[in-house]
Amino acid sequence: MSGGPAVRVSIESQCERQVQEVSLDGLETYVPPLSMSQNLAKLAQRIDFDQSSDSEQDGPERESREPWSKPEPEEDEGAVKFQPSLWPWDSVRNNLRGALTEMCVLHDVLSVLKEKKYMALDPVSQDPIQTPQVFQLISKKKSLATAAQLLLKGAEKLNKSLAENQEQRRQRDFNSELLRLRSQWKLRKVGDKILGDLSYRSAGSLFPHHGTFEVIKNTDLDLDKKVPDDYCPLSVQIPSDLEGSAYIKVSIQKQSPDIGDLGTVSLFRRQPKAKPGKTWHVKLEAAQNVLLCKEIFAQLSREAVQIKSQIPHIVVKNQIISQPFPGLQLSISLCHSTGEKRSQRASPEKSKPDDHLYVLEHNLHQLIREFHKQTLSSVVMPHPASAPFGHKRLRLAGPMAYDKAEISSLQQSEGLLEKIIKQAKHIFLRSRTARTIDTLASRIEDPQIQAHWSNINDVYESSVKVLITSQGYEQICKVLSFSVKRP
Amino acid sequence: MEAPPVTVMPVTGGTINMMEYLLQGSVLDQSMESLLHRLRGLCDNMEPESFADHELVYLLKGQQGNPFMLRARRSLLHPTAPWHLRYLGQPEVGDKSRHALVRNCVDVAASHSLPEFLNEMGFRMDHEFVAKGQVFRKGAMKVVVSKLLRVLATGNTENTEPLSLSYLVELSVLAPAGQDNVSEDMRSFAEQLKPLVHLEKIDPKRLM
């Protein structure tokens with residue numbers, strides 16, 4: 001820069017306002033700037049309320065708004081009617097008013113609709129879609145076929161499970177029957193057979209019968225036929241000599257029969273129920289009873305043969321005869337029916353009164369059971385353990401040097417037969433005593449005899465109280481109390 | 001009621017030669033309980049009978065080779081019970097098919113002066129032991145389950161120690177000679193004990 005004198009440069013802002021007029025004296029009059037509200041009006045005029053509305057607005061109207069909508073100046077302003085006297089918010093107000101009117105109308109319509117009295121809403125009915133009938137038929141058929149197939153499959157499954165259940169029930173029945181059998185009887189498995197023991201050996205009997213029965217599974221059931229009511233999948237096979245039923249008949253007769261009649265006792269007090277379909281329980285019990293009766297009779301006959309007594313006992317086939325008193329005969333017989341021979345049932349002996357003494361039969365059973373228990377008592381067990389079995393006192397006989405009298409006193413030699421004979425004697429004596437007292441009482445009128453028999457008796461003793469009174473004399477009264485003891 | 005004098009039991013003593021049929025086996029201590037339960041079920045229905053015995057084995061050495069052996073046994077639980085003297089012969093060398101060991105057997109009950117008597121006779125005590133266990137019976141068969149204990153001091157039965165960790169099981173029947181069905185019954189009974197204990201005939205000569 002050269003060193004010239006500094007030029008004053010004045011900086012002035014550009015004149016932002018438009019010049020409205022220039023007066024004659026050069027004074028510029030600026031257009032007053034728009035105030036805030038005028039500015040807002042100007043901007044509001046630019047809003048086009050119809051911009052997205054329907055196309056019914058015609059061109060001139062549209063064009064009339066153009067100067068407000070488009071910011072660029074319009075050249076053919078003269079074609080448009082512009083009324084500057086209108087308040088700039090007018091269009092806005094008109095538009096808002098139109099919107100309000102429309103809203104009010106809508107509100108009124110809805111409130112009238114709500115009452116449902118004068119106006120109702122209905123959907124616009126549409127034309128139904130016409131499907132051809134053949135198609136409908138085919139579709140129905142298909143759906144039915146699917147449903148039918150499902151049902152058939154289900155039914156088949158049910159059938160199969162039912163058949164399986166029945167088969168299983170029969171199988172399970174055998175096992176559950178076997179379980180029940182095992183809970184009551186001793187069973188063991190030998191190879192592929194199931195054997196059981198119905199003897200009294202584990203209860204102390206020494207009878208040499210094996211008493212083995214076999215358990216058989218019933219597989220001969222036909223599924224198609226109806227199952228019989230008493231069908232049991234389990235059956236037992238008992239030894240052939242234990243079949244049927246048996247009992248011991250004890251009777252006292254006055255007269256002694258002919259020798260030739262002996263051994264022909266074969267009558268029964270009740271008809272044997274020979275049902276072929278007996279359940280295993282009944283069969284086994286009957287077989288066990290037969291075994292016990294056989295044991296009792298074997299024991300009695302052994303004693304009858306071996307024990308010496310004044311009047312010998314007679315053992316013939318299935319009968320033991322002994323004479324407790326002269327003229328009196330006691331007969332013990334084993335009556336065993338196998339259930340097959342029916343002809344024996346029509347025996348003429350039925351007309352005879354049954355003189356079977358049930359009490360003695362019961363006592364025989366009791367005595368043999370006592371004997372069984374005796375063999376199992378701990379008195380028999382050896383101490384020391386290597387000693388043989390046998391009663392403790394017998395083992396003492398050697399070291400203590402017992403003599404014969406002491407040993408025989410230890411043994412208490414009464415056998416089954418002797419006991420039964422004693423009991424029979426007692427029964428006979430008691431009935432004879434009662435009869436004697438009764439005949440005396442009926443024959444003698446003065447004094448009066450009354451007999452009161454005690455209810456509580458022993459098998460060997462009974463007691464009776466006899467009152468002898470004189471009528472009218474209460475002080476004279478003799479009371480006899482005596483008992484019929486075993487001899 | 002006592003047992004009637006006439007029974008089906010074989011008569012012991014007299015001139016009848018009694019034979020002992022024997023089967024032996026052993027079972028470990030821990031399996032004892034199950035064996036006892038099994039025996040309780042198989043054998044006769046009685047309360048289990050325990051025993052404790054003291055056995056002394058006497059030998060008489062003669063000029064010949066084999067000494068003569070007698071076994072004297074007394075019960076420790078029943079001190080008043082008589083002593084039991086037993087002679088067991090050589091096992092019979094019958095047919096091999098016989099299932100049990102058969103040997104001649106003589107049983108005598110003796111009073112409490114037995115040890116002195118044997119000493120006077122010339123017998124000398126060879127060894128002694130204590131046996132404790134239980135006895136079962138099934139008919140004529142006797143099952144003895146015993147634990148053998150060694151006596152530490154001679155004559156003192158309080159100080160004992162077990163010989164092994166197992167129990168000796170013996171199945172024996174006393175019967176007159178010539179009854180072969182006895183060994184059959186024993187074998188079938190031994191079959192029923194099969195998985196728990198194996199009872200077989202053990203020849204004592206083979207052990208020596």
Side-chain angles (χ1 to χ4, degrees), chain A residues 186 188-190 199 201-208 210 295 298-299 302-303 305-307 366-401 407-408 410-419, chain B residues 1-10 12-13 18 20 41-47 49-55 71-78 80-84 86 105 107-114 131-140 142 144 146 170 172 174 188 191-192:
Chain A
K186 277 175 101 154
R188 64 178 196 272
K189 203 159 152 74
V190 174
S199 73
R201 260 190 299 185
S202 56
S205 161
L206 297 169
F207 198 52
H210 56 87
E295 180 175 355
Q299 177 84 3
R302 193 171 37 233
E303 287 176 14
V305 169
Q306 289 179 342
I307 295 178
Q366 252 190 342
L367 286 171
I368 200 82
R369 286 294 300 133
E370 289 235 6
F371 169 54
H372 288 171
K373 273 197 209 137
Q374 230 269 322
T375 52
L376 282 186
S377 74
S378 64
V379 183
V380 176
M381 293 304 257
H383 284 272
S386 55
F389 290 127
H391 201 276
K392 184 171 73 171
R393 272 179 242 148
L394 285 180
R395 242 175 280 133
L396 279 172
M400 308 296 264
I407 294 179
S408 53
L410 280 178
Q411 279 189 348
Q412 282 185 27
S413 56
E414 266 194 10
L416 214 60
L417 186 64
E418 292 189 1
K419 287 199 173 151
Chain B
M1 178 197 162
E2 301 278 2
V6 183
T7 66
V8 291
M9 292 280 286
T12 58
M18 296 302 282
E20 188 205 27
L42 285 173
C43 297
D44 284 351
N45 190 15
M46 294 164 70
E47 288 301 316
E49 189 85 10
S50 310
F51 71 92
D53 292 341
H54 177 209
E55 179 156 337
R71 299 175 169 268
R73 197 157 167 151
R74 70 173 171 123
S75 171
L76 293 171
L77 292 179
H78 295 68
T80 52
W83 284 63
H84 178 232
R86 186 168 233 210
C105 169
D107 291 296
V108 178
S111 62
H112 291 266
S113 51
L114 183 64
K132 288 190 183 169
Q134 296 194 351
V135 185
F136 297 89
R137 76 176 283 187
K138 185 174 170 71
K142 177 165 39 162
V144 180
S146 52
E170 286 175 314
S172 60
L174 265 183
S188 54
E191 287 285 320
Q192 295 186 27

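Residue numbers start from 1 in every chain, and the chains themselves are labelled A, B, ... in the order their sequence lines are given, proteins ahead of strands.
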Quiz item: Using non-hydrogen atoms only, which part of B:Q192 is less than 4.5 Å away from chain A: side chain, backbone, both, or neither?
Solution: side chain
Quiz item: Checking B:D107 against chain A: side chain, backbone, both or neither under 4.5 Å from a heavy atom?
Solution: side chain
Self-check item: Lys/Arg-Asp/Glu bridge criterion (N-O < 4.0 Å) met for A:E370, A:K419
Solution: no
Self-check item: Engaged part of B:R73 at the chain A interface, taking heavy atoms whose separation is under 4.5 Å
Solution: both
Quiz item: For the candidates B:A52, B:P82, B:S146, B:G133, which exhibits the highest count of non-hydrogen atom pairs separated by less than 4.5 Å from chain A?
Solution: B:P82
Quiz item: Sequence neighbours excluded, which residues qualify as salt bridge (Lys or Arg N to Asp or Glu O under 4.0 Å) partners of B:E49?
Solution: none
Practice problem: Give the minimum heavy-atom separation between B:V135 and A:M381, together with the two atoms involved. | Solution: O-CE, 3.6 Å
Quiz item: At what distance, to the nearest 0.5 angstrom, does NZ of A:K186 lie from CG of B:L42?
Solution: 7.0 Å
